[in-house]
Amino acid sequence: MTAEENKNATNGEENKPLNFIHTIVEDDIRTQKFGGRVHTRFPPEPNGYLHIGHAKSICLNFGTAAKYNGMCNLRFDDTNPTKEETEYVDSIKEDVHWLGFDWEGREFYASDYFDALYEFAVKLIKKSKAYVCDLTQEEMGTYRGTVTQPGKDSPFRTRSVEENLQLFEQMRNGAFHDGARVLRAKIDMGHNNMLMRDPILYRILHTDHHRTGDKWCIYPMYDFAHGQSDSIEGITHSICTLEFEVHRPLYEWFIKELEIYAPQQIEFSRLNLTYTVMSKRKLLSLVKEGIVNGWDDPRMPTICGLRRRGYTPESIRNFAEKIGIARRDQLIDVSLLEFCVREDLNKRSIRVMGVFNPLKVTITNYPEGQEELLEALNNPEDESMGTRKVPFGRELYIEQEDFMEEPPKKFFRLAPGAEVRLRYAYFMKCNEVVKDSNGKVIELKCTIDPASKGGNSPDGRKVKGTIHWVSAKHAIQAQARLYDRLFIKEDPEDAGEECDFKVNLNPESLIEQVCYIEPYLKDIKPMEKLQFERVGYFCVDNDSVPGKLVFNRTVTLKDSWAKISGKNE
RNA sequence: UGUCCUGUGGUGUAACUGGCAACACGUCUGAUUCUGGAUCAGAAGAGUCCAGGUUCGACCCCUGGCAGGACAACCA
């Protein structure tokens, strides 16, 4: 992939109003603040899988760079070896690529800068702006004060430069056990901003790092690594989410004291979605407790989950574009995400027929043993996608809900005496309803109008309803996984006292059932997308094997009948 | 009972250096249609958190409230 492709991935649009970050960037270009350069970065911590919230950030960072002919680095913020793993690095790279962006070889790690960071720390010590502190974790907590009360100076704050230098080197050399000492910045224990109260720069961690192995037993904290990494890479606009806003004074303090190149940090609000939890911790617990089947469960808001669900990169990028960038908290309705997939899939999916809750239909005026092939459009939206043949026979399956014995007013589907169109086939009238001993409808006896073959009657007669069907003899069975929202509440956190968000789990977020589909689909491959007409968009799951197909429902079609029928009740 | 940030239709975003609010989704009509899908046309819906002030004029500036969020991890 190339810069050009990054640009394509941003879906262009010139005359749309700028978001506030682009306004800043354009001002900076105009004033030559960074010599006209634009250089961003996407800085994930490799301790989990990327989710749709990260997608927003990825689109913003890579998109901004592409829009202004700049660059965007991929940088792993890997300063905590106790949490980070190579497995996550790989998945993150895969997901960013899949979304359609490329870092053009600029794959960096905060750990690339451990030596430089160490020297930065030494520099601060020499300037008497950092000191080694022996306070325990608990002590440090009390010395820090609270949000409403100032803290007080550590007794170790006045150590000499020489002693600090020596101690810090010993820390590096492994002379102390985990937690024995830390290196802190010397700022102001009375500062309103808690982060400025002598924050920790380095802690002792005798843990192997996924990249540097056992080279280090001290590791820098986020605050002491992030800004300097940005500086080293020549980042111009360091775009991050709002929770880092209070870190900005510290970010700037380090840059200033270290006397190094200063990028500009800009914060925007993170994405929240209705019916969705987004925190890594909660997503992890869903995985760990087996509530979902892994990080890529199609109900997860992870990129890999959405991918498996059948979402396209284009739809996600488009979603990111639509939700905008601002600084106020946003809670986006998931239905907007769903709109975005439908919009994209509508253009590209082939249409096929599948019956999910079969009701047998026998066509009494169609000769026994006879069958024929009828031509169907693969995509009425796009004729270039061609046609296919669909087998027809005396016995069919239709959808149970397409028949009602006592239809309400605006029901356009099949009912006793009513006529509907079998898509791409014939007009069909229902003459007899067969029930079992419980009164349940188990079969319909119908007749077709042979003259209406193909779907239109030469006498110009109209039917209001068109239903899908499948030939009982030719249909193949497949597994359908009907996914729905994972939570029943718009805000899953709204669980009352003493309860956690899992009480709001939707028991019907996954319904597995058999479906009957056109034989045309026999050789369809995993990840292929399609629309089962009148039912929804689906994609073939990775679990699918020839002869045992598995279809994931990405999203249902918009259903205005559901709305009408719902109102009548 | 501290500091900082934010506050525009149901949701999200916009309104150039002040000139009475736009777009998208959603909602509702109607047209059209071999998917109750898609498409097309149209409508309703906020007077910009509140109260003052500056101004000929304020969503935009000032003051004071109110509401929401962030911040007290050797996490990022």
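Just so we're on the same page: letters track the sequence lines, and every chain starts at 1. Since we're looking at a predicted model, the values are computed, not measured.
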* Could you give the distance separating B:C23 and B:A15 at their P atoms, to the nearest angstrom? => 14 Å
* A:Y222 on top of B:A76's base, within under 5.5 Å and under 30°? -> no
* Select base, sugar-phosphate, or nothing to describe what A:T79 touches, counting heavy atoms under 4.0 Å on all strands. => sugar-phosphate
* Does NZ or CZ of A:R388 fall inside the cone over A:Y520's six-membered ring, less than 6.0 Å from its centre and within 45° of the axis? -> yes
* Between B:G30 (P) and A:I564 (CD1): distance, integer Å -> 10 Å
* Nearest-nucleotide comparison on RNA chain B, the residue closer to the 5′ end among A:F339 and A:G465 -> A:F339
* **Complementary nucleotide of B:C28, counting Watson-Crick and G-U pairs under 3.5 Å** => B:G42
* What nucleotide, of B:C75, B:U35, B:C74, holds the atom closest to the side chain of A:R351? -> B:U35
* To do: Give a yes or no answer on whether the side chain of A:D402 reaches the backbone of A:I467 with a donor-acceptor pair at less than 3.5 Å.
  => no
* Does A:N318 use its side chain to pair, donor to acceptor, with the backbone of A:E314 at less than 3.5 Å? -> no
* **Any strand: nucleotide that pairs with B:C71 via Watson-Crick or wobble, under 3.5 Å** => B:G2
* To do: Determine the interatomic distance between P on B:A24 and the same-named atom on B:A44; round to the nearest Å.
  => 15 Å
* Taking all atoms of both residues into account, what is the closest heavy-atom pair of A:I92 and A:E45, and its distance? -> CD1-O, 4.1 Å
* To do: Indicate, with a heavy-atom threshold strictly under 4.0 Å, whether A:R413 touches base, sugar-phosphate, or nothing.
  => base
* Which whole-number value in Å describes the distance from A:D223 CG to B:A76 C1'? -> 9 Å
* Structure fact -> Out of B:U35, B:G36, B:C71, minimum distance to the side chain of A:P380 belongs to B:U35
* Between SG of A:C59 and NE2 of A:H54, what distance do you get to the nearest 0.5 Å? -> 13.0 Å
* Would you mind classifying the nucleic acid contact of A:Q531 as base, sugar-phosphate or nothing, using non-hydrogen atoms under 4.0 angstrom? => base
* Looking at every strand, decide which applies to A:E381 at a 4.0 Å heavy-atom threshold: base, sugar-phosphate, or nothing. => base
* Whole angstrom is fine here: how far is it from CD in A:E245 over to C1' in B:G68? => 14 Å
* Sugar-phosphate or base contact per nucleotide [nucleotides 11-18 of chain B; S, B, -; heavy atom under 4.0 Å] -> SSBS----
* Determine the interatomic distance between C1' on B:G45 and the same-named atom on B:U29; round to the nearest Å. => 14 Å
* Asked: Base, sugar-phosphate alone, or nothing: which one does A:L135 contact when heavy atoms must sit under 4.0 Å apart?
  -> base
* Remember a base hit wins even if backbone is also touched, and classify A:Y424 as base, sugar-phosphate or nothing at under 4.0 Å, heavy atoms. => base
* Asked: Rounded to the nearest Å, what distance is computed from the CG atom of residue A:L557 to the P atom of nucleotide B:U39?
  -> 11 Å
* Asked: Touch check for A:Y219, heavy atoms < 4.0 angstrom, all strands: base, sugar-phosphate only, or nothing?
  -> nothing
* Nearest-angstrom distance, P atom, B:G30 to B:G18 -> 46 Å
* **Span that lies between the P atom of B:C59 and that of B:A22, in whole angstrom** => 13 Å
* With sugar-phosphate meaning primed atoms plus P, OP1 and OP2, does A:R144 contact a base, only sugar-phosphate, or nothing at under 4.0 Å between heavy atoms? -> sugar-phosphate
* Using the ring of A:Y131 (Phe, Tyr or Trp, six-membered ring only), decide whether A:R159 places NZ or CZ under 6.0 Å from its centre and within 45 degrees of its axis. => no
* How far does the P atom of B:C74 sit from the matching atom of B:U6, given to the nearest Å? -> 28 Å
* Between B:U33 (C1') and A:N379 (CG): distance, integer Å -> 15 Å
* To do: Could you please name the option among B:U27, B:C71, B:A76 that lies closest to any side-chain atom of A:K563?
  => B:U27
* Intermediate values then yes/no, side-chain hydrogen bond (donor to acceptor under 3.5 Å, both in side chains), A:E381 and A:N379 -> CA-CA 5 Å; A:E381 301 285 313; A:N379 187 350; over 6 Å; no
* **d(NZ, A:K464; P, B:U35) in whole Å** => 11 Å
* Watson-Crick or G-U counterpart of B:G36, or none if no pair lies under 3.5 Å -> none
* Paired with B:C61 by Watson-Crick or G-U wobble geometry, both distances under 3.5 Å: which nucleotide is it? -> B:G53
* Which value, in whole Å, describes the distance between the P atoms of nucleotides B:A14 and B:C49? -> 15 Å
* **Those residues that, when tested against A:E267, pass salt bridge (charged side-chain N to carboxylate O under 4.0 Å, His left out) (two or more places apart)** => A:R248, A:R327
* Determine the contact category for A:Y426: base if any of its heavy atoms lies under 4.0 Å from a base atom, sugar-phosphate if only primed atoms, P, OP1 or OP2 are that close, otherwise nothing. => nothing
* **Heavy-atom pair of closest approach, residues A:K489 and A:D494** => NZ-O, 3.0 Å
* Asked: When you measure from every atom of RNA chain B, which of residues 190-199 of chain A have a heavy atom less than 4.0 Å away?
  -> A:N192, A:M194
* To do: Starting from the C-alpha separation in whole Å, work towards a yes-or-no answer on salt bridge (Lys or Arg N to Asp or Glu O under 4.0 Å) for A:E419 and A:K464.
  => CA-CA 9 Å; A:E419 185 172 49; A:K464 195 94 166 129; over 6 Å; no
* Would you kindly check if the NZ (Lys) or CZ (Arg) of A:R172 is within the cone defined by 45 degrees around the ring axis of A:Y118 and under 6.0 Å from the six-membered ring centre? => yes
* To do: Establish, yes or no, whether the cationic atom of A:K453 lies under 6.0 Å from the six-membered ring centre of A:Y426 and within 45° of the ring axis.
  => no
* Using atom CD1 of A:I204 as one end and atom P of B:C74 as the other, report the distance to the nearest whole Å. => 14 Å
* Asked: Does A:R211 make a cation-pi contact with A:Y109, if we ask for NZ or CZ under 6.0 Å from the ring centre and within 45° of the axis?
  -> yes
* Asked: Can you tell me how far P of B:G2 sits from CE of A:M189, to the nearest Å?
  -> 21 Å
* Asked: Taking atom P in both B:A21 and B:G9, what distance in whole Å separates the two?
  -> 15 Å
* Please determine, for B:G9, whether a Watson-Crick or G-U wobble partner exists with both distances under 3.5 Å, and give it or none. => none
* Donor-acceptor pair present, A:H247 side chain and B:A76 base, under 3.5 Å -> yes
